Amino acid sequence: MAILPRGASAARRVGVRAACGLQATDAAHIMPRKSQVLDVMLDPRLLRNDPHAVATALARRGFEFDADAYAALDARRKALQTRTEELQAERNRRSKAIGQAKAAGEDIEPLKAEVSGLGDQLEAAKRELDAVQTEQDEIRSGLPNLPHDGVPDGLSEDDNVELRRVGEPAGFDFEVRDHVEIGEGLAGMDAAAAAKITGARFTVMKGGVARLHRALIAFMLETHTAAGYTELNVPYIVNADSLFGTGQLPKFGDDLFRLAEPADYYLIPTAEVPVTNLVADSIVEAEALPLRFVTHSPCFRAEAGAAGRDVRGMIRQHQFEKVELVRMVHPDDSEAALEAITASAESILQALELPYRVVALAAGDMGFAAGRTYDLEVWLPNQRTYREISSCSNFGDFQARRMGARYRDPDTGKPRLLHTLNGSGLAIGRALVAVLENHQQADGSVAIPAALQPFMGGITRLAPAGQAAAAQ
RNA sequence: GGAGAGGUGGCAGAGCGGUUGAUUGCACCGGUCUUGAAAACCGGCAGGGGUUCACGCCCCUCGUGGGUUCGAAUCCCACCCUCUCCGCCA
């Protein structure tokens, strides 16, 4: 049974596959296919009718868009398209006339001779049009989403706006350890072993720490499904189409682990990719909205631009796990849905008794596809700072347009782009770090938050190696 | 991996190379009838794009790409996907 109605037509998406069917070349070549495909990113009409407004909006993100050049290109496109379609119409008319003449038993040879020149003209016009459209598509697929009106101005994280703080950082009357020290003390965290097996930025977890990691996953899935999210289990390997749909491609291939063999697939950088793409290429019935999904998955990131950052511990790994929340909603509901998805993520932090703050990202600090983003940052006592543990974004129709995700408007009967959102609920590795650090005790043990204890066989603390196992 | 079958509108399912972008059924929307509903009957109903103030007109799309032809859902080639049987396998 299908989870979602799949559009059998699949008329769109001629796109990426065709365009990048050219093997393991550069991921940057991945493009939507021209014309009749709706996976261009920003609304093509907005781009055509008011390119300067687009340029102004994108400038808030620090993105330069040459509106005049684009407008000039579009003028060429228009002329070429008109000419091409006129030629096609002419050819269709004549061919139809030949058919009728033949049916009437007339001699069609003279008619055929008349049409012969048309073919060449048409082919030439098509080629030209094709080139211009390809150029336009390349530009469009590289344009980030427009920031929502309410997004704070600014180009860097320094311009982010703190919305609220929840929970008081605990006072410690001993020297606060970081999670690496705590994890090693518990004999539960081993970076050296992972380095031997693989390399840098991996960790082997063991015993109580591994169990705590698993408990966090189970607790989060339980909490979110109880709140109405439908649990999913999805592929961790995806194709280029899916990554284009959510916006990782064509621009951010460097952040991905790519499997060139035996197939040109990618490891997912987040479950957002497979889950959001469930609605790719389909028309969802209006009553089915909102769709709310939760899934647990590993995430694989090359961290290409992060050399030297967060090298110690589990903050920044090539492989980590995450519980992800995804919603597909009616366009009118996406603003409220962002608040709701953020609240879902916050409920986990509250249950885990972790102090955190909520930050509205500035226009220039948001991800490529996001129209508005709230980050949740958890308090890390050793670093004496708040660190990102969840990112909740409203993508508006940006991803929906790229992947062809629509719902049927009951009033008009016509398909319309739906809105997509997602948020981490939460990143498991960082949640583990936060629990270890915030709930550490003077003796090196770690108190298990009450909410987690049922998923830990009822134990209330993790004890350092050498101490008696676990208190009841 | 081997052998076979197949991919057509929201779904199901037709379609001698020529007024077929596509018969029909279901679903859906509107109407008649009814106190109301159901049934019955009548009508409407694929997606995308261009152009137009608008009515409308035009182009593209029958898995994807290419080829043959004046003309392709229909013929040819390649690829992708699905199903059945066999092999392998958690």
Side-chain angles (χ1 to χ4, degrees), chain A residues 1-2 4-23 30-40 43-49 74-123 125-127 129-130 132-134 136-137 140 235 239-242 262-265 279-289 400-418:
Chain A
M1 188 184 84
L4 295 164
R6 292 292 292 187
S9 83
R12 59 146 238 130
R13 243 107 133 108
V14 203
V16 183
R17 173 147 307 168
C20 83
L22 36 133
Q23 303 300 359
I30 291 162
M31 273 307 131
R33 220 329 207 36
K34 51 234 83 213
S35 63
Q36 35 240 55
V37 184
L38 35 99
D39 37 343
V40 281
D43 184 346
R45 287 192 181 85
L46 177 63
L47 217 39
R48 178 154 54 237
N49 297 332
D74 197 57
R76 277 185 62 206
R77 185 226 95 233
K78 184 171 169 177
L80 285 167
Q81 181 165 345
T82 304
R83 172 167 165 70
T84 303
E85 291 187 356
E86 276 170 3
L87 286 167
Q88 279 172 330
E90 180 65 17
R91 185 204 57 190
N92 291 347
R93 265 194 298 278
R94 303 232 186 171
S95 290
K96 196 169 275 188
I98 290 175
Q100 288 170 323
K102 191 178 176 188
E106 296 168 19
D107 179 17
I108 60 173
E109 287 310 315
L111 290 171
K112 284 168 74 168
E114 279 180 39
V115 197
S116 59
L118 267 181
D120 294 338
Q121 289 181 56
L122 180 57
E123 203 173 319
K126 257 186 187 163
R127 235 196 315 275
L129 176 63
D130 197 62
V132 172
Q133 287 183 327
T134 300
Q136 280 189 307
D137 287 345
R140 280 197 290 244
N239 59 33
D241 280 359
S242 296
D264 190 15
Y265 292 152
V279 291
D281 220 358
S282 59
I283 301 172
V284 181
E285 291 308 322
E287 314 84 68
L289 298 179
R401 181 174 291 107
R402 291 170 79 98
M403 66 178 65
R406 296 165 297 167
Y407 73 98
R408 193 171 295 282
D409 185 334
D411 294 332
T412 63
K414 295 296 176 189
R416 284 183 63 195
L417 294 170
L418 47 75

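Quantities reported herein were computed from a predicted structural model and do not represent experimental measurements. Worth knowing before you read on, the calculation uses all heavy atoms, side chains too, and leaves out hydrogens, waters and symmetry mates. Throughout, a chain's letter reflects where its sequence line sits, starting with A, and its residues are numbered from 1.
- Candidate nucleotides B:C58, B:C70, B:C81 were compared by shortest atom distance to the side chain of A:Ala89, and B:C58 ranks first.
- Using a 4.0 Å heavy-atom criterion, one finds that A:Lys126 contacts no nucleic acid atom at all.
- Within the 4.0 Å cut-off from OP1 or OP2 of B:U51, at least one side-chain nitrogen or oxygen of A:Lys78 is found.
- In plain terms, the two heavy atoms of A:Arg408 and A:Ala286 that are nearest each other are O-CB, 3.3 Å.
- The partner of B:A22 cannot be assigned: no Watson-Crick or G-U wobble pair with both contacts below 3.5 Å exists in any strand.
- Base pairing annotation: B:U74 forms no Watson-Crick or G-U wobble pair, as no partner gives both donor-acceptor distances under 3.5 Å.
- One interatomic measurement links the two molecules: CG of A:Leu417 to P of B:G47, which rounds to 13 Å at whole-angstrom precision.
- In this structure, B:C41 and B:G31 make a Watson-Crick or G-U wobble pair, each of the two defining distances being under 3.5 angstrom.
- Residue A:Asn92 has a polar side-chain atom (N or O) positioned under 4.0 Å from OP1 or OP2 of B:C59.
- Here the closest heavy-atom approach between residue A:Leu122 and residue A:Thr84 is recorded as CD1-O, 3.7 Å.
- Regarding A:Leu129, its CG atom lies at a distance of 11 Å from the C1' atom of B:G49, rounded to whole Å.
- Under the Watson-Crick and G-U wobble criteria, each requiring two contacts below 3.5 Å, nucleotide B:C55 is left unpaired.
- Base pairing of B:C79: its partner is B:G63, meeting the Watson-Crick or G-U wobble criterion (both donor-acceptor distances under 3.5 Å).
- Protein atom CZ of A:Arg408 is 14 Å distant from nucleotide atom P of B:C45, rounded to whole Å.
- In this structure, the CZ atom of A:Arg83 is 19 Å from the C1' atom of B:G49, given to the nearest Å.
- No side-chain N or O of A:Asn92 forms a donor-acceptor pair with one of A:Ser95 less than 3.5 Å apart.
- Comparing A:Ile98 and A:Gln88 along RNA chain B, the residue whose closest nucleotide (by nearest heavy atom) sits nearer the 5' end is A:Gln88.
- Using a 4.0 Å cut-off, no side-chain N or O of A:Arg91 falls inside it from OP1 or OP2 of B:C59.
- Listed candidates were B:G48, B:G71, B:C58. Nearest to the side chain of A:Ser95 is B:G71.
- Across all strands shown, B:G1 pairs with B:C86; the Watson-Crick or G-U wobble distances both stay below 3.5 Å.
- Taking the side chain as every heavy atom from C-beta outward, A:Met403 and A:Asp281 never approach each other to under 4.5 Å.
- Using C1' as the reference atom, B:A14 and B:G7 are 15 Å apart when rounded to the nearest Å.
- B:A90 and B:G6 are spaced 29 Å apart, taking the C1' atom of each and rounding to whole Å.
- Between the C1' atoms of B:G63 and B:G47, the separation comes to 15 Å (whole Å).
- To the nearest angstrom, P of B:G10 lies 5 Å from CD1 of A:Ile283.
- Note: CD (A:Gln133) to P (B:C59) measures 16 Å, nearest angstrom.
- Separating the P atom of B:C62 from that of B:U74 is a span of 8 Å, rounded to the nearest Å.
- The phosphate of B:C58 (OP1 or OP2) has no side-chain N or O of A:Arg93 nearer than 4.0 angstrom.
- Distances were taken from every side-chain heavy atom of A:Gln100 (C-beta onward) to each of B:G48, B:U19, B:G49; the shortest belongs to B:U19.
- A heavy-atom distance below 4.5 Å is found between the side chains of A:Val115 and A:Ile98.
- An OP1 or OP2 oxygen of B:G47 is reached within less than 4.0 angstrom by a side-chain nitrogen or oxygen of A:Lys414.
- Residue A:Ala400 comes nearest to A:Leu418 through the heavy atom pair CB-O, 3.1 Å, listed as atom of the first residue, atom of the second, then distance.
- In this structure, CD of A:Glu123 is placed 13 Å from C1' of B:U68, rounded to the nearest angstrom.
- Where A:Lys102 and A:Thr84 meet RNA chain B, the nucleotide closest to each residue was compared, and A:Lys102 sits on the side nearer the 5' end.
- Rounded to whole Å, the P atom of B:A3 lies 13 Å from the corresponding atom of B:C79.
- One C1' atom belongs to B:G30, the other to B:U20, and the distance between them is 27 Å to the nearest Å.
- B:G48 and B:A12 have their C1' atoms separated by 24 Å, given to the nearest Å.
- Going from atom CZ of A:Arg406 over to atom P of B:G10 covers 8 Å, rounded to whole Å.
- Backbone-only engagement by A:Arg77 is indicated by non-hydrogen atom pairs under 4.0 Å involving sugar-phosphate atoms exclusively.
- In this structure, the side chains of A:Gln133 and A:Arg77 come closer than 4.5 Å at one or more pairs of heavy atoms.
- Applying the 6.0 Å contact sphere to CZ of A:Arg76 captures no more than 12 heavy atoms from other residues, nucleotides or ligands.
- Comparing B:U19 with B:A72, their C1' atoms sit 16 Å apart, to the nearest whole Å.
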